Engineer: 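One structure coming up, written as structure tokens, with questions to follow.
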Amino acid sequence: MVPDNLTDPGSVLVICGPTAIGKTAVAMAVQDALGGREHAQLISADSALIYRGMDIGTAKPTQQERQRYPHALIDIRDPSENYSAADFVADADTEIARAIEAKKKPIVVGGTMMYLKCLLEGIADLPTTDIPLRRELERELAERSAQSLHDELAQQDPEAAGSIHPNNHQRLLRAMAVVRATGRPMSVLWRDNATGTLFERTGLHHESVVMLPLQRNQLHRRIAARFRQMLSMGFLEEVQALMNRGDLTRDMPSMRAVGYRQAWGHLIEEIDETTFIEQGIAATRQLAKRQITWLRRWPDALEVVADTPDQTIQAILKR
RNA sequence: GGCUGGGUGGCAGAGUGGUUAUGCAGCGGACUGCAACUCCGUUAACGCCGGUUCGAUUCCGACCUCAGCCU
């Protein structure tokens, strides 16, 4: 018997956890428990799964799995394109509304904590990154110093400047761009232009299932095994094919994904194979660690500590 | 057996007679439009024994060990 809070058609189920813990398996099991694809809609919350052609290294659900368990928000971008937390919130809101419309329970599954946080807590309505302005700021950064740009930000938006280190160019330039484009501090806009929480935007409640490893070692072992399995499935060939396109560069968000970044370095003979494998596994472990840090502080979570998907499913269904 | 060159923190890799790089990993932290991102802080080493010296990771010697070459 499935508990009410999971079947409640007027609420969103969120399944999150670190990489390699088995979120997909749990999501599929929950869909089955709800009566299949007619009654549930899986929605991916993952900044890497959005990219077409990046399948092996992202541990994307297979074609067969996706036929029985269709996921929204997978393969929606080309690796040359950008995507952001704001894009995700907009897309996810749309998918959730569509699922409700079709009388399906929305199930958001993923490990990109920033996306989930913004989905649940909201994100301000700020101007999108303006490329020409961004270029201009990059030029200024090169001509002046980061410190001088940071000083300027401190004058116009002290609050944002306070939380952005001068060396953090990525965030420094974004905050500057917002000020330049709107004439108002980003920190003020964030309060004034908040779009509201998921409930405020859609009228839907949510329930979070947070998967955490019982033993960190066990997860680490799974990560290492999965990475080697990716290699035998042709991960390097996948990355080589992406490089062969000629239009992708290693500083694009897609190519900076865990594993892809290291594979790129190996394929241009920057690092040898052993180092590539070591670094790839280590980077994945670090990703899991960062995710777990977020998850530990997840508000109102239905927390499930389990080492295997089966344990998690049992724990969810028992509630 | 002989000769030569090496042995530096988990790995890679500089360097110095005293204040002991750096990168990656590890650990802690920040983060509202690149978040599998970006950034900040931090732990940790000089193969072994002896000698020279006020002081040795650095100089000298023996030893152990690795690589290459020679017989």
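Every chain is numbered from 1 and lettered A, B, ... according to where its sequence line falls, protein lines coming before strand lines. Here the structure is a predicted model, which is why all the values come from computation and not from measurement. Every heavy atom of this structure was used, including side-chain atoms; hydrogens, water molecules and symmetry mates were not.
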Engineer: Could you let me know what B:rC49 is paired to, Watson-Crick or G-U wobble, both distances under 3.5 Å, or none if it's on its own?
Structural biologist: B:rG61

Engineer: Counting the atoms with a prime plus P, OP1 and OP2 as sugar-phosphate, which does A:Thr284 contact under 4.0 Å by heavy atoms, base, sugar-phosphate, or nothing?
Structural biologist: nothing

Engineer: A:Leu119 CG to B:rA35 P: how many Å, rounded?
Structural biologist: 15 Å

Engineer: Using whole Å, report how far CG of A:Leu219 lies from C1' of B:rA36.
Structural biologist: 14 Å

Engineer: Find the partner of B:rC54: check Watson-Crick (N1-N3 plus N6-O4 or O6-N4) and G-U wobble (N1-O2, O6-N3) distances, both under 3.5 Å, and reply none if neither fits.
Structural biologist: B:rG18

Engineer: If B:rG68 has a Watson-Crick or G-U wobble mate with both distances under 3.5 Å, name it; if not, just say none.
Structural biologist: B:rC3

Engineer: What is the nucleic acid contact for A:Asp46, judged by heavy atoms within less than 4.0 Å: base, sugar-phosphate only, or nothing?
Structural biologist: base

Engineer: Check the interface with nucleotides 21-29 of chain B: list each N/O to N/O pair with the protein under 3.5 Å, or write none.
Structural biologist:
| residue | atom | partner | partner atom | Å |
| --- | --- | --- | --- | --- |
| B:rG26 | OP2 | A:Gln286 | NE2 | 2.9 |
| B:rC27 | OP2 | A:Lys289 | NZ | 2.8 |

Engineer: Syn or anti for B:rG10? Use the chi torsion, O4'-C1'-N9-C4 for purines and O4'-C1'-N1-C2 for pyrimidines, with syn inside 90° of 0.
Structural biologist: anti

Engineer: To the side chain of A:Arg171, which of B:rC34, B:rA36, B:rC31 is closest?
Structural biologist: B:rC31

Engineer: Do A:Met54 and A:Ile74 share a hydrophobic cluster, counting only Ile, Leu, Val, Met, Phe, Trp and Tyr and linking them when any side-chain heavy atoms are less than 4.5 Å apart?
Structural biologist: no

Engineer: Which part of the nucleic acid does A:Tyr260 contact within heavy-atom distance under 4.0 Å: base, sugar-phosphate only, or nothing?
Structural biologist: nothing

Engineer: I need the CZ-P distance between A:Arg77 and B:rC34, as an integer number of Å.
Structural biologist: 13 Å

Engineer: Taking 4.0 Å as the cut-off, does a side-chain nitrogen or oxygen of A:Thr112 come that near to OP1 or OP2 on B:rA36?
Structural biologist: yes

Engineer: List in numerical order all residues of residues 246-259 of chain A for which some heavy atom is under 4.0 Å away from an atom belonging to RNA chain B.
Structural biologist: A:Pro253, A:Arg256, A:Ala257, A:Val258

Engineer: Reckon A:Asp130 touches a base, only the sugar-phosphate, or nothing at all at heavy-atom distances under 4.0 Å?
Structural biologist: nothing

Engineer: Using the C1' atoms only, state how far B:rG15 lies from B:rG1, rounded to an integer number of Å.
Structural biologist: 36 Å

Engineer: Taking atom P in both B:rU16 and B:rG68, compute the distance separating them and give it to the nearest angstrom.
Structural biologist: 28 Å

Engineer: Output the rounded distance in Å from CE (A:Met114) to P (B:rC37).
Structural biologist: 13 Å

Engineer: Want to settle it: does A:Met113 or A:Trp294 sit nearer the 5' end of RNA chain B, counting the closest nucleotide to each?
Structural biologist: A:Trp294

Engineer: Once you round it to whole Å, what is the distance between C1' of B:rG33 and CE of A:Met176?
Structural biologist: 17 Å

Engineer: Using a 4.0 Å heavy-atom cut-off across all strands, classify A:Arg134 as base, sugar-phosphate, or nothing.
Structural biologist: base

Engineer: Are A:Tyr83 and B:rG33 close enough that a side-chain N or O sits under 4.0 Å from OP1 or OP2?
Structural biologist: no

Engineer: Using atom CD1 of A:Ile164 as one end and atom P of B:rU38 as the other, report the distance to the nearest whole Å.
Structural biologist: 16 Å

Engineer: For A:Ile21 and B:rA36, give me the distance from atom CD1 to atom P, rounded to whole Å.
Structural biologist: 16 Å

Engineer: For the P atoms, the ones on B:rG61 and on B:rG6, what distance do you get once it is rounded to whole angstrom?
Structural biologist: 14 Å

Engineer: Heavy atoms only, 4.0 Å cut-off, all strands: where does A:Thr129 land among base, sugar-phosphate and nothing?
Structural biologist: sugar-phosphate

Engineer: Evaluate the criterion salt bridge (charged side-chain N to carboxylate O under 4.0 Å, His left out) for residue pair A:Lys103 and A:Glu38; output intermediate values, then yes/no.
Structural biologist: CA-CA 8 Å; A:Lys103 302 221 173 351; A:Glu38 305 305 317; over 6 Å; no

Engineer: Without decimals, in angstroms, what is the distance between A:Gln291 CD and B:rC37 C1'?
Structural biologist: 13 Å

Engineer: Sticking with atom P, work out how far B:rG33 lies from B:rA44, rounded to a whole angstrom.
Structural biologist: 36 Å

Engineer: Pairs under 3.5 angstrom, nitrogen or oxygen only, protein versus nucleotides 40-44 of chain B, please.
Structural biologist:
| residue | atom | partner | partner atom | Å |
| --- | --- | --- | --- | --- |
| B:rC40 | OP1 | A:Asn167 | ND2 | 2.8 |

